[in-house]
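Data block below; observations after.
FYI, the numbering just counts along the sequence from 1. In this text, all values refer to a predicted model and were calculated from it rather than measured experimentally.
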Amino acid sequence: MTSHNRTRCLAMLAAMVLPAASLAVQVEVHDPVMAKEGDHYYVFSTGPGITIYQSDDLEHWRWVGRAFDGEPDWAREVVPDFSGHLWAPDIFEHDGKWYLYYSVSAFGKNTSAMGVTVTETLDPESPDYGWKDLGPVIQSVPHRDDWNAIDPAIVEDDEGDVWLSFGSFWSGLKMFKLDETLAAPAEPQEWAHIAGRPRDASTPGEEAGVGAIEAPYIFKKDGWYYQFVSFDLCCRGMYSTYNVRVGRSKNVTGPYLDRDGVSLIDGGGTLVIEGNDNWVALGHNAAYTFDGKDWLVLHAYETADNGKQKLRILPITWDDGWPQVDPADLDRRTTELVGEGPPENR
């Protein structure tokens, strides 16, 4: 074989090997939130019992179990047709404990509740690890409530008070102050309406309607509270239309205005990121600062995988006080699954 042919064969072999690296299984999640404890990062997401992943580098992730082996004892009392999936968690550290908020809901209905479970550590190898459920924090009831008790997210304000924001469709997104247990509304109750989209007044109260907004997440930076929200439709694979919007306020309860000065209550929201040719849609984000860097965490529906949802962790930059992410990072910054994932994803 000539030197030229040998070189050509080696190049062909390299071309055959290189795609294998790209076939690494990526982490599949819906509604991811993240925390860091010690040298480990953790992601929590929708699934049976809340699925939990651990990483040392934000790129390679191991499935390390669930917060619940079964389901919350109270779930079927609130939602009789509970499917077994716990939705849209948030994780919050307070006074040396980790509080994991989650949703129990019937899809497309506001027969919903948000609960909270607590552990001393996130490390499943620690003898101090173990979740203790504190039960429901608040619930919504069709025909009684025009809001949906789903998609909890926690923010601590500058005075040290802790607020829970939440909501999906209906009359929009709300928040209320938690009491010192972090497991119930403070009394007297303090509530705020923080975002919404137009809803047809003729829509029956038990139906979600067309006001497609959900998943508020409030992130503090440089004296501002930034409220990220998701517009349009999730959970439909290639038919998803999810995208991320933002507004900001000097006060935790708002009003939140977008870059053009439009209130999020009136349907405003500056676009942060939307779908493209490779990722048909994306959303239900959270935002964090780890080791001096800001990150946007979300799930994205991959076009090449028939709209399957993948974990993405994107660097945030700032333009005149507004968050920016590079859509090219959806392709550059992958999240590789190390070992086996949860049974429902195999």
Side-chain angles (χ1 to χ4, degrees), residues 32-37 41 58 90-99 101 151-167 172-180 182 185-186 189-197 213-231 243-274 283-298 312-326 329:
V33 293
M34 197 162 66
K36 185 179 183 185
E37 184 183 45
Y41 300 92
L58 296 180
D90 192 27
I91 186 72
F92 177 66
E93 191 275 332
H94 185 74
D95 288 345
K97 295 182 180 180
W98 292 93
Y99 292 75
Y101 295 82
D151 296 356
I154 298 294
V155 60
E156 184 174 358
D157 68 19
D158 293 333
E159 285 71 48
D161 292 322
V162 179
W163 297 78
L164 189 154
S165 62
F166 69 96
L173 311 183
K174 318 290 182 182
M175 69 187 310
F176 60 84
K177 186 188 294 186
L178 288 167
D179 70 10
E180 61 184 10
L182 303 187
Q189 293 190 20
E190 294 185 49
W191 285 60
H193 178 41
I194 55 174
R197 295 182 78 184
I213 183 173
E214 60 187 19
Y217 191 92
I218 297 174
F219 176 65
K220 290 195 301 182
K221 185 176 179 68
D222 297 337
W224 291 96
Y225 295 93
Y226 291 85
Q227 182 190 173
F228 294 89
V229 300
S230 292
F231 274 18
N243 58 93
V244 175
R245 309 278 176 148
V246 71
R248 69 182 187 179
S249 175
K250 286 290 187 179
N251 300 303
V252 70
T253 56
Y256 287 88
L257 307 181
D258 68 15
R259 199 164 187 167
D260 295 325
V262 180
S263 172
L264 267 62
I265 291 175
D266 298 325
T270 297
L271 182 66
V272 178
I273 189 168
E274 62 183 343
H284 204 118
N285 78 283
Y288 303 96
T289 301
F290 294 124
D291 302 320
K293 297 181 180 179
D294 296 331
W295 303 92
L296 193 79
V297 182
L298 47 73
R312 283 297 178 265
I313 303 167
L314 311 178
I316 300 175
T317 58
W318 297 86
D319 176 26
D320 194 25
W322 290 93
Q324 312 282 309
V325 293
D326 186 349
D329 282 331

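Residues Arg245 and Leu264 have side chains not in contact (no heavy-atom distance under 4.5 Å, counting atoms from C-beta outward). By the 4.5 Å heavy-atom criterion applied to side chains, Ile194 and Ser165 are counted as neighbours. Annotation: side chain of Pro323 is in contact with side chain of Phe228 (closest heavy-atom distance under 4.5 Å). Residues Asp157 and Lys177 have side chains not in contact (no heavy-atom distance under 4.5 Å, counting atoms from C-beta outward). Residues Arg248 and Thr270 have side chains not in contact (no heavy-atom distance under 4.5 Å, counting atoms from C-beta outward). Inter-residue side-chain proximity for Leu178 and Phe92 is flagged as unmet; no heavy-atom pair is nearer than 4.5 Å. Residues Lys220 and Asp158 form a side-chain contact, since some pair of their non-hydrogen atoms from C-beta on lies under 4.5 Å apart. When side chains are defined from C-beta on, His94 counts as touching Tyr99, because their heavy atoms get closer than 4.5 Å.
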Start with the C-alpha distance between Asp319 and Arg259, add both sets of side-chain angles, then the distance that settles side-chain contact (heavy atoms from CB on, under 4.5 Å), and finish with yes or no.
CA-CA 11 Å; Asp319 176 26; Arg259 199 164 187 167; 3.3 Å; yes
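Annotation: the span from Asp179 atom CG to Asp161 atom CG amounts to 11.5 Å, rounded to 0.5 Å. In this structure, the separation between CG on Leu182 and CG on Leu164 is 10.0 Å, given to the nearest 0.5 Å. Separation of atoms CH2 (Trp163) and CZ (Phe176) is listed at 10.5 Å; rounding is to 0.5 Å. With values rounded to the nearest 0.5 angstrom, Leu298 atom CG is found 12.5 Å from Trp295 atom CH2. Distance CD1/Ile91 to NZ/Lys36: 16.0 Å, rounded to 0.5 Å.
Side-chain atoms of Asp294 and Trp318 form a donor-acceptor pair, as typed in the model, at a separation below 3.5 Å.
Distance alone, capped at 3.5 Å, places no donor-acceptor pair between the Asn285 side chain and the Leu296 backbone. Looking only at distances, no side-chain donor or acceptor of Asn251 sits under 3.5 Å from a matching main-chain atom of Thr253. Here the side chain of His193 pairs a donor or acceptor atom with the backbone of Leu173 at under 3.5 angstrom. The closest donor-acceptor contact from the side chain of Asp260 to the backbone of Val262 lies at 3.5 Å or more, if one exists at all.
Aromatic ring orientation, Tyr226 versus Trp224: tilted (interplanar angle from 30° to 60°).
The number of heavy-atom neighbours closer than 6.0 Å to NZ of Lys250, taken from other residues, nucleotides and ligands shown, is above 12. The 12-atom threshold is exceeded at CD of Gln189, counting heavy atoms of other residues, nucleotides or ligands nearer than 6.0 Å.
Annotation for Gly167 and Pro216: closest pair O-CD, 4.0 Å, computed over non-hydrogen atoms. Residue Ala195 comes nearest to Ile213 through the heavy atom pair CB-CD1, 3.8 Å, listed as atom of the first residue, atom of the second, then distance. Listed here is the closest heavy atom pair of Val325 and Pro315: CG1-O, 3.5 Å. A pairwise comparison of heavy atoms in Trp322 and Asp258 identifies CH2-C, 3.5 Å as the closest pair. The two residues Met175 and Ile218 have their closest heavy-atom pair at CE-CD1, 3.9 Å. Closest non-hydrogen pair, Glu37 versus Trp98, comes out as OE2-NE1, 3.2 Å.
Aromatic rings of Tyr217 and Tyr288 (six-membered ring for Trp) have centroids within the 6.0 Å cut-off, being under it. Taking the ring centroids of Phe290 and Tyr41, they lie under the 6.0 Å cut-off.
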